[in-house]
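See below for the structure under consideration.
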Amino acid sequence: MQSIRPVKGTRDFFPEDMAFRRWLYAKIQKTSERFGYQEYDGPFLERLDLYAAKSGDELVKKQSFVFEDRGGEMVALRPELTPSLARMIATKSKVLPRPIRWWSFGPFWRYERPQRGRSREFFQWNIDLLGIESPEADAEIVAAGAEFLRSVGLSPDAVKILVNDRMLAESQLDNIGIGPERHPLAFRLIDRRDRMPPEKWADWSLEEGLSLGELEQLQGLLDDREAWRSSAPLQRLFEATDTLGVGDYVAFDPTVIRGLDYYTGTVFEARDAAGNFRAIFGGGRYDDLVSAVGGDPVPGTGIAMGDIVIRLVLEQYDAIPPLDARPAKVLVTTFDEGTLMPALQLTTEFRVSGLEVEWYPVAEKLTKQLKYANRVGARIAVILGPDEIAAGTVTIRDLRSGEQQSIPRGEAAAYAKAILEA
RNA sequence: GCGAGCGUAGCUUAGCGGUAAAGCCCCGCACUGUGGAUGCGGUGACCGCGGGUUCGAAUCCCGUCGCUCGCCCCA
């Protein structure tokens with residue numbers, strides 16, 4: 001029994017878990033770099049002020065790990081990266097060549113109730129394009145997200161990236177008589193429409209102050225899947241995503257609004273088609289954020305993807321390949337006390353020749369050592385006993401085929417390599 | 001912050017009033033210079049914790065802590 005429990009909502013990464021994290025990181029890195037993005041990172045701790053302005057009350061006041069440091073400063077474990085990004089861009093906005101294309105993968109913390117698809121400590125991919133205010137910039141970000149999904153084996157049948165534009169939504173709201181002062185209310189209603197039974201949602205909307213006529217018109221807007229045709233920016237965005245080859249992944253969805261306060265235009269959200277999970281990634285355009293943290297205005301657009309939901313989705317679609325958490329494919333056994341040092345010497349020779357080698361560091365029965373080799377998935381077992389030493393050879397056993405060869409010591413490493421590369 | 005369910009060996013679970021069981025894992029033996037299979041044996045649990053009911057509690061009741069799931073919010 002454990003007397004010291006881990007902190008609620010944190011995760012231990014055992015080697016098998018680490019293998020998945022590394023696999024995911026490699027996919028993210030590959031996709032990001034294919035689009036020409038540079039890797040960066042920010043601090044894990046930020047001053048609370050950074051988030052206070054723009055992230056949204058719920059996220060800052062209730063869902064951040066906030067504490068006072070020894071100097072009396074209020075700091076927060078970062079709940080998201082975009083404000084740090086905006087701050088970093090703000091300090092160098094005059095010297096960075098634009099467009100600025102940056103990506104990152106690191107840990108974040110939110111003080112929430114852990115449940116399916118959500119923990120208090122998670123890793124997140126961020127990819128952002130700043131300095132360019134065009135629908136094509138948004139399209140590129142969407143395409144990067146789509147190409148990531150493709151690279152991990154999730155087809156357009158399995159996942160969709162839903163796109164909307166808050167500007168379009170706002171002008172539509174104005175048209176049906178819901179003015180700017182009631183936009184925040186309307187956004188809240190829209191955001192939750194898919195999560196409630198229609199009757200309940202309608203009742204709630206009326207309670208919140210919508211008239212019956214407004215409610216009907218609002219429902220009409222949300223059911224209009226062709227509304228993007230009246231938006232020049234969205235037309236351009238969808239034309240660009242088609243040209244980028246990801247049209248199958250992308251769909252207009254008037255109910256996507258996103259919760260964060262700093263989004264100013266387009267918003268994106270990737271979801272599994274079956275609707276079994278929370279959003280896989282989310283993002284949008286934030287043209288005022290850099291100036292809000294004290295810089296010259298720099299427009300930006302980007303997405304963030306957590307590692308937890310994507311893992312659940314990948315498991316659902318059986319898309320995670322077998323991952324090897326053990327680097328060494330060669331195990332050098334230790335025959336007896338007398339050959340312990342020679343075995344260690346041989347191990348070193350193998351390593352010098354570039355092999356990843358694990359050495360069994362105690363002279364136990366060969367049976368046990370081979371059992372271990374089999375158990376940990378080694379491909380090759382190396383035996384160096386008195387017979388081999390007398391003959392100047394090494395026994396190389398291929399654990400997959402069960403065949404073994406006596407090889408002159410000087411050729412042993414090359415022989416082992418040949419087996420591994422066959 | 002609100003609501004529900006569940007806590008039995010390292011893991012997955014059975015037992016649901018009569019003094020704790022299986023599978024997996026781990027260790028040993030058959031096999032003292034050869035792994036995977038099989039067989040045999042072994043280590044390992046104050047049944048989350050505290051209190052109550054009872055002749056007797058893993059089992060029923062209350063409390064507490066923890067975990068999981070849903071709401072809120074969001075990756």
Side-chain angles (χ1 to χ4, degrees), chain A residues 1-9 14 16 24 28 55-64 78-82 104-127 145 188 191-192 195-196 200 256-261 263 267-272 277-284 302-313 331 333-336 338-339 360 363-390 395-406:
Chain A
M1 298 304 167
Q2 255 172 327
S3 53
I4 299 179
R5 281 179 285 104
V7 173
K8 188 188 190 75
F14 291 95
E16 299 72 29
L24 185 66
I28 284 168
S55 291
D57 270 6
E58 176 81 16
L59 184 58
V60 176
K61 290 184 181 158
K62 294 173 67 181
Q63 299 186 352
S64 291
R78 61 183 189 183
E80 57 162 339
L81 188 58
T82 310
S104 186
F105 182 76
F108 296 85
W109 294 266
R110 290 186 192 174
Y111 198 83
E112 299 181 282
R113 292 292 284 259
Q115 49 197 266
R116 185 169 173 78
R118 194 176 68 183
S119 68
R120 288 186 173 183
E121 180 180 60
F122 56 95
F123 278 71
Q124 197 181 65
W125 174 37
N126 279 260
I127 182 165
R188 260 195 301 132
D191 195 37
R192 290 174 63 179
R195 300 182 226 156
M196 304 173 75
K200 207 176 159 195
V256 170
I257 285 296
R258 306 299 303 160
L260 295 176
D261 291 346
Y263 292 128
V267 284
F268 336 112
E269 188 169 290
R271 306 206 71 109
D272 68 301
F277 303 100
R278 300 163 193 279
I280 298 166
F281 62 70
I303 55 177
M305 178 186 77
D307 64 325
I308 298 180
V309 173
I310 186 66
R311 176 163 194 165
L312 293 173
V313 174
L331 178 88
T333 59
T334 295
F335 189 80
D336 57 23
T339 54
Y360 203 94
E364 292 185 306
K365 295 200 307 186
L366 253 195
T367 303
K368 185 169 179 180
Q369 297 188 47
L370 289 171
K371 205 178 277 259
Y372 173 79
N374 188 58
R375 182 73 218 291
V376 302
R379 175 71 193 277
I380 291 167
V382 179
I383 299 164
L384 186 64
D387 296 348
E388 285 85 355
I389 290 189
T395 297
I396 304 284
R397 183 173 179 84
D398 184 336
L399 293 169
R400 189 180 297 170
S401 68
E403 290 163 12
Q404 64 183 41
Q405 287 282 329
S406 190

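Letters A, B, ... are given to chains in the order of the sequence lines, protein chains preceding strands, and every chain is numbered from 1.
- Between A/Leu370 atom CG and B/G35 atom C1' the separation is 5 Å, expressed in whole Å.
- At least one side-chain nitrogen or oxygen of A/Thr367 sits closer than 4.0 Å to the OP1 or OP2 atom of B/G35.
- Between A/Lys368 and the phosphate of B/G28, there is a side-chain N or O to OP1/OP2 separation shorter than 4.0 Å.
- When all heavy atoms of A/Leu399 and A/Ala373 are compared, the pair lying nearest together is CD1-CB, 3.8 Å.
- A heavy-atom distance below 4.5 Å is found between the side chains of A/Ile310 and A/Met305.
- Straight-line distance from the CD atom of A/Glu364 to the C1' atom of B/C27: 11 Å, rounded to whole Å.
- Residue contacts for A/Ala373: at a heavy-atom cut-off of 4.0 Å it reaches no nucleic acid atom on any strand shown.
- Residue contacts for A/Asp387: at a heavy-atom cut-off of 4.0 Å it reaches a base atom on one of the strands shown.
- Residue A/Ser119 is classed as a base contact, given a heavy-atom separation below 4.0 Å to a base.
- Following rounding to the nearest Å, A/Glu16 (CD) and B/C11 (P) show an atom-to-atom distance of 15 Å.
- Rounded to whole Å, the separation between the P atoms of B/A9 and B/G50 comes to 16 Å.
- Between B/G35, B/C72, B/C74, one nucleotide has an atom nearer to the side chain of A/Lys371 than all others, and that is B/G35.
- Side-chain contact between A/Phe268 and A/Val256: absent, with no pair of heavy atoms (C-beta onward) separated by less than 4.5 Å.
- Taking the centre of each ring, A/Tyr372 and A/Tyr360 come in below the 6.0 Å mark.
- With a 4.5 Å cut-off on side-chain heavy atoms, A/Ile380 and A/Leu331 do not count as touching.
- For the P atoms, the distance from B/C49 to B/U59 is 11 Å, rounded to whole Å.
- Residue A/Arg188 places none of its side-chain N or O atoms closer than 4.0 Å to OP1 or OP2 of B/C73.
- The residue A/Tyr372 sits apart from the nucleic acid: no heavy atom pair falls under 4.0 Å.
- Between B/U38 and B/G33, the distance separating the two P atoms is 25 Å to the nearest Å.
- A/Glu388 and A/Thr395 share a side-chain donor-acceptor pair at under 3.5 Å.
- For A/Ile257 against A/Val267, the heavy-atom pair with the smallest separation is O-CG1, 3.5 Å.
- The side-chain heavy atoms of A/Leu312 and A/Arg116, taken from C-beta on, include a pair separated by under 4.5 Å.
- Here the P atom of nucleotide B/G36 and the CG atom of A/Asn374 are 7 Å apart, to the nearest Å.
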Report all interatomic pairs (protein N or O, nucleotide N or O of nucleotides 23-25 of chain B) with separations under 3.5 Å.
from, atom 1, to, atom 2, distance (Å)
B/C25, O3', A/Arg375, NH1, 3.4

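- As judged by a 4.0 angstrom heavy-atom cut-off over every strand, A/Glu388 is placed among the base-contacting residues.
- A cation-pi arrangement is present between A/Arg120 and A/Tyr111 under the rule of less than 6.0 angstrom and at most 45 degrees off the ring axis.
- Considering only the side chain of A/Lys365, B/C29 comes nearest among B/G33, B/G36, B/C29.
- Across A/Thr339 and A/Pro386, no two heavy atoms sit closer than the pair CG2-N, 4.2 Å.
- In this structure, CD of A/Gln369 is placed 16 Å from C1' of B/G28, rounded to the nearest angstrom.
- Base-pairing analysis of RNA chain B finds the following stems of at least three consecutive Watson-Crick or G-U pairs, with both pairing distances under 3.5 Å: B:1-7 with B:65-71, B:10-13 with B:21-24, B:26-30 with B:38-42, B:48-52 with B:60-64.
- Salt bridge absent: A/Arg78 and A/Glu80 never bring a charged side-chain N and a carboxylate O closer than 4.0 Å.
- Looking only at side-chain heavy atoms (C-beta outward), A/Asn126 and A/Ile303 stay at 4.5 Å or farther from each other.
- Side chains of A/Phe105 and A/Phe123 form a contact here, defined as non-hydrogen atoms less than 4.5 Å apart.
- Rounding to whole angstrom units, CH2 of residue A/Trp109 and P of B/C73 are separated by 25 Å.
- Atom OH of A/Tyr360 and atom P of B/G33 are 16 Å apart (whole Å).
- For A/Lys368, the salt bridge (Lys or Arg N to Asp or Glu O under 4.0 Å) partners at least two apart in sequence or on another chain are A/Glu364.
- Near RNA chain B, defined here as any heavy-atom distance below 4.0 Å, the residues from residues 396-405 of chain A are A/Arg397, A/Leu399, A/Arg400, A/Gly402, A/Gln404, listed numerically.
- Contact annotation for A/Ile383: base contact, defined as any heavy-atom pair under 4.0 Å involving a base atom.
- If you take atom P in B/A37 and the same atom in B/C27, they sit 13 Å apart, rounded to whole Å.
- Here, B/G48 and B/C67 have their P atoms 16 Å apart, quoted to the whole Å.
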One character per nucleotide, please: for nucleotides 65-70 of chain B, 5' to 3', B when the base has a protein heavy atom closer than 4.0 Å, S when only the sugar-phosphate does, - otherwise. -SS-SB

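- Using atom C1' as the reference point in both B/C16 and B/C31, the two lie 45 Å apart (nearest Å).
- The closest side-chain heavy-atom distance from A/Lys8 to A/Pro114 is below 4.5 Å.
- The C1' atoms of B/C6 and B/U13 are separated by 14 Å, rounded to the nearest whole Å.
- Remark: the separation of the C1' atoms in B/G63 and B/U43 is 36 Å, to the nearest Å.
- Distance OH (A/Tyr263) to C1' (B/C73): 14 Å, rounded to an integer number of Å.
- For A/Arg278, the salt bridge (Lys or Arg N to Asp or Glu O under 4.0 Å) criterion is met by no residue, not counting sequence neighbours.
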